[in-house]
Amino acid sequence: MFQSTIKTETLKEIVDITATLVAETKFNISKEGIELRTVDLAHVAMIDLNISSAAFISFKSKGVELGVNLDKLKDVLRLAKSGDEIQMKHDEEKNKLVVRVANITRRMALVDTAGMSDPKVPSLDLPAKVTLKTSDLARGIQAAVGVSDHVAFIARTDGFDIVAEGDTDTVSLNLEKEKLEDLICKEKVRSMFPIEYLARIVKEVKSEHVTLTLGSDFPVKLEFDIAHGNGHVVYLLAPRIENA
Amino acid sequence: MFQSTIKTETLKEIVDITATLVAETKFNISKEGIELRTVDLAHVAMIDLNISSAAFISFKSKGVELGVNLDKLKDVLRLAKSGDEIQMKHDEEKNKLVVRVANITRRMALVDTAGMSDPKVPSLDLPAKVTLKTSDLARGIQAAVGVSDHVAFIARTDGFDIVAEGDTDTVSLNLEKEKLEDLICKEKVRSMFPIEYLARIVKEVKSEHVTLTLGSDFPVKLEFDIAHGNGHVVYLLAPRIENA
Amino acid sequence: MFQSTIKTETLKEIVDITATLVAETKFNISKEGIELRTVDLAHVAMIDLNISSAAFISFKSKGVELGVNLDKLKDVLRLAKSGDEIQMKHDEEKNKLVVRVANITRRMALVDTAGMSDPKVPSLDLPAKVTLKTSDLARGIQAAVGVSDHVAFIARTDGFDIVAEGDTDTVSLNLEKEKLEDLICKEKVRSMFPIEYLARIVKEVKSEHVTLTLGSDFPVKLEFDIAHGNGHVVYLLAPRIENA
């Protein structure tokens, strides 16, 4: 059983973030809220998104798993005008997701969740942690586009750098400690990541700050709040190991 | 003889509506105004557009038929700035349409009207009539895109529905009587129409309300005012007959 | 040696104008400022752009020639927010152009200038001179698109016309003397030019007025200020000789 009402902008946040990796996903719905755990086809990135029932205008569930096509939800979101609320309800009898906005009702076929894996969030012990403005991260990544396909995140004891090195050009964003919201770094660490993935996710981050947890040649954990703090996203991205 | 001055926005309304069906059309110009009667190549839809001389800033004609290329008029409309007036004049000697906007004069070759038919508006006795907000109609049609290629218009004694049924999903816009501007319906009627045609025309309707006249498996008559009430459009669309 | 700080909008003006003809160009940098002299591959148009050191926030050079890829400068310009300043510096040791905006540093490989010609600005004795609003020139050129590939500039003793003649249609912009900022013309002259070149350059002109110097079947000199008068551009365009 699942029945809820949510602001258009909150549902849009959830859908847009998840759609950077997949077109279909499993909504794990409990009494307390919804969790989406998603890995992209190439197994390069994982999203672990949690949203509390407090992010909803109304929320009722005894727990259910629903396989949802995100493109169909985007169709409905496009119909919503600013201020519209969206109702979502599981029609158990016909096994459809019934979505309502204004006078419109869309009855969506659910996706079979049997084939969907339940990815486990790996436990990582990453030594460095950087909290920076989302706009700074976005600019550093945008600057790297066209210079290289990969970008290095470098945490220093006194700052944080995003560096891309191409055949002829290099580009770097350098943020000294005072430009950062927070920095925990005992010794310099460096890992490289695909720009394409970073560019897609950073575009969807609406919170003012992002926290990166980093090691050397380790995955990065990119964390940020959604739904004005009533939800949280952990985005894990595999490193590209540089030639030794 | 034909000589006139018109507001850019009024000419744009006429051209944009007619261009949803054809690239060239015949302007039937009389003393009282202009009538355009147009059928698309596939003979699925017809437009009967009438605009009174009162919609013009100045208007003089003894009656003439001019074959006009709408893309060329669009070129001229793109040159106009907000507030610009457009002059149109028939140069009888050279058989050109002379169009002026600001300091620019475009002399257009006319299209031979010999090959252009004079479609007759069929007389239809349609039992139901619904007047609704153009924005509601537009949302109902937009909601159906991607679900199906066709949409059913259903008039009920107590409301009006737009329904699209796809292989896996359905979507409906339901408007109860109090959400409608007007409703005349003694018994439920239902007809199906191609979404593509509806989406194209509804985008060009500038009036706040649209009136639909409907039967069961009959064409729909979609009517609306143009030029702030100094003109009127009847858009006729053939139904898709559902399998019995 | 070259080291400078410039407003984003000023650098953008220089790059956008020059990029209408070429993707790479030579910056001739002296103590007094920068000159770019550029001919397109087809040798149809030439730009002679001069910008004084006064257009910069700071400017230091002993004179140097730098081959610059304009697409890379555009990449950096896209990173700048309104109000950002851009620093450019020649790293002589590594022969790179170091460009800084906000916290971002891009180190660009320079282009070999050995293969770049130093086009000479031909000395032309053109009898007519017209100064008009850039917006009028832009409208006249836009009006001609779709009618013909070429446009005639006609200076009269009492005005200036832009005329395009197609197979079926003609279009003209007619500006009488009082609509012009300035007119020097003792007898009528007429030359034809490719619309594509004119459309590309006129889009980048930010100054309110443009001066055209014209003859009959001669190149046109299109001149305008940049950087609020601290720079000047001469754009030379070859005529299309009409059949006698």
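Below, chain A is the first sequence line, B the second, and so on; all start at residue 1.
- A 6.0 Å sphere centred on CG of B:Asp167 holds no more than 12 heavy atoms belonging to other residues, nucleotides or ligands.
- Interface check for chain B: of the options A:Val98, A:Leu79, A:Asp75, the most heavy-atom pairs under 4.5 Å are formed by A:Leu79.
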Practice task
In sequence, state the C-alpha distance, the side-chain angles, and the governing distance for A:Lys72 and B:Thr168, and then conclude on side-chain contact (heavy atoms from CB on, under 4.5 Å).
Solution key: CA-CA 11 Å; A:Lys72 293 182 180 181; B:Thr168 61; 3.3 Å; yes
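- Heavy atoms closer than 4.5 Å to chain B are found nowhere in A:Arg100, neither backbone nor side chain.
- Interface residue A:Lys96: only side-chain heavy atoms are found under 4.5 Å from chain B.
- Annotation for B:Glu187: atom CD does not count as buried by contact number, only 12 or fewer foreign heavy atoms lying within 6.0 Å.
- Of all heavy-atom pairs spanning A:Ala80 and B:Arg139, the tightest one is CA-NH1, 4.0 Å.
- More than 12 heavy atoms of other residues, nucleotides or ligands lie within 6.0 Å of CD in A:Glu65, so this atom counts as buried by the packing criterion.
- The local environment of CD in B:Glu176 is crowded, with over 12 non-hydrogen atoms from other residues, nucleotides or ligands closer than 6.0 Å.
- The neighbour count for A:Asp149 CG, taken as heavy atoms of other residues, nucleotides or ligands under 6.0 Å away, does not exceed 12.
- With A:Asn103 as reference, B:Leu175 is the one residue of B:Asp161, B:Asn174, B:Ile162, B:Leu175 to meet the side chain to side chain contact (heavy atoms under 4.5 Å, CB included) rule.
- Among all heavy-atom pairs drawn from B:Asp169 and A:Ala109, the shortest one is OD1-N, 2.9 Å.
- Shown here is A:Lys206, whose NZ atom has more than 12 heavy atoms of other residues, nucleotides or ligands within 6.0 Å.
- Ranked by heavy-atom pairs under 4.5 Å with chain B, the list A:Val76, A:Ile104, A:Asp71 is led by A:Ile104.
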